[in-house]
Amino acid sequence: MYYVNKEQIAHRLAAVPEVAEGLRLSTQAWDGGLMMGLVQERCLHLAIEIVTDVGSYLIDGFIMRDASSYDDIIEINHEEKVFDASIYEVLRQLVTLRKPLVQDYFSWNRGELHPLSSDLPEILERFADQVSAYVDRELDPFTNQADRGTE
């Protein structure tokens, strides 16, 4: 039996709409100024934390192989079919931003619109949907099998 902390996963996924909206607004209103730069920076950082936190909860809860890095968290979840390949590719790019955003923040170029900022809102929303579907599918296989006509 698995112990998946659905409550903590749900809390983190509940932040996706605000982060996606922040990225959309910063992209649409991009002026290269400090305020939009900081909005983008914080949204990218939160996106990283959401996907890695959720990924870690899934790894722990479903007893997947241990992750050795942020990239590994994303890879393991993709291998376990938590989300599709198009999401995986973007999330791999996203997690590479953690060190620049968290440790090297003093050299982050806040005046430049990051290429991920425009695509990430949709990816985060799809990530949330696919994670929710995965958890439902894996935690209640008997109900889901009955829904499909007992395969």
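Note that the coordinates shown come from a computational prediction; the quantities given were computed from them, not determined experimentally.
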* Leu23 and Ile87: same hydrophobic cluster, using ILVMFWY side-chain contacts below 4.5 Å? -> yes
* **Connected via hydrophobic side-chain network under 4.5 Å: Ile63 and Val54** => yes
* Asked: Could you go step by step and tell me if Phe127 and Val51 meet the side-chain contact (heavy atoms from CB on, under 4.5 Å) rule?
  -> CA-CA 8 Å; Phe127 168 80; Val51 300; 3.7 Å; yes
* What closest approach, in Å, do Met64 and Leu58 show between heavy atoms, and which atom pair accounts for it? -> CE-O, 3.8 Å
* Asked: Would Ile59 end up clustered with Tyr57 when hydrophobic side chains under 4.5 Å apart are linked, directly or stepwise?
  -> yes
* To do: Rounded to the nearest 0.5 Å, what's the gap from CG on Asn77 to CZ on Phe62? Could you check?
  => 10.0 Å
* Asked: Would you find more than 12 non-hydrogen atoms of other residues, nucleotides or ligands less than 6.0 Å from Asp66 atom CG?
  -> no
* Separation between CG of Leu101 and OH of Tyr105, rounded to the nearest 0.5 Å -> 12.0 Å
* To do: Using the rule that two of Ile, Leu, Val, Met, Phe, Trp, Tyr join whenever any of their side-chain heavy atoms come within less than 4.5 Å, decide whether Val39 and Ile123 are in one cluster.
  => no
* Ion pair Glu75/Arg92, N-O distance below 4.0 Å -> no
* Validation row: Val90, Asp119 side chains within 4.5 angstrom (heavy atoms) -> no
* Audit row: Leu25, Met36, side-chain contact (heavy atoms from CB on, under 4.5 Å) steps and yes/no -> CA-CA 9 Å; Leu25 290 172; Met36 286 297 106; 6.0 Å; no
* Asked: At what distance, to the nearest 0.5 angstrom, does CD of Glu49 lie from CG of Leu46?
  -> 7.5 Å
* **Atom CD of Glu18: over 12 foreign heavy atoms under 6.0 Å** => no
* To do: Hey, could you give me the CD/OG distance between Gln40 and Ser118, rounded to the nearest 0.5 Å?
  => 9.5 Å
* To do: Please name the pair of heavy atoms, one in Val102 and one in His45, separated by the smallest distance, quoted to 0.1 Å.
  => CG2-NE2, 3.5 Å
* Quick one: do Ser69 and Asp71 satisfy side chain to side chain donor-acceptor pair (under 3.5 Å)? Show the steps, please. => CA-CA 5 Å; Ser69 66; Asp71 189 55; 5.2 Å; no
* **Atom of Leu13, atom of Ser132 and distance for their closest heavy-atom approach** => CD1-OG, 3.7 Å
* **Centroid-centroid under 6.0 Å between Phe83 and Tyr134 rings** => no
* Structure fact -> Correct closest heavy-atom pair for Ala67 and Asp72 would be CA-OD2, 3.4 Å
* For the residue pair Ala20 and Glu125, what are the closest heavy atoms and their distance? -> CB-OE2, 3.7 Å
* To do: Applying side chain to side chain donor-acceptor pair (under 3.5 Å), run through Arg12 and Gln8 and close with a yes or a no.
  => CA-CA 6 Å; Arg12 281 149 180 83; Gln8 289 302 316; 2.5 Å; yes
* Search all heavy atoms of Val19 against all heavy atoms of Cys43 and return the closest pair with its distance. => CG1-O, 3.4 Å
* Asked: CD/Glu41 to CG/Leu97 distance, rounded to the nearest 0.5 angstrom?
  -> 10.5 Å
* Asked: Which value, rounded to the nearest 0.5 Å, describes the distance between Leu120 atom CG and Leu91 atom CG?
  -> 7.5 Å
* Under 3.5 Å, is there a donor-acceptor pair between the side chain of Ser117 and the main chain of Leu113? -> no
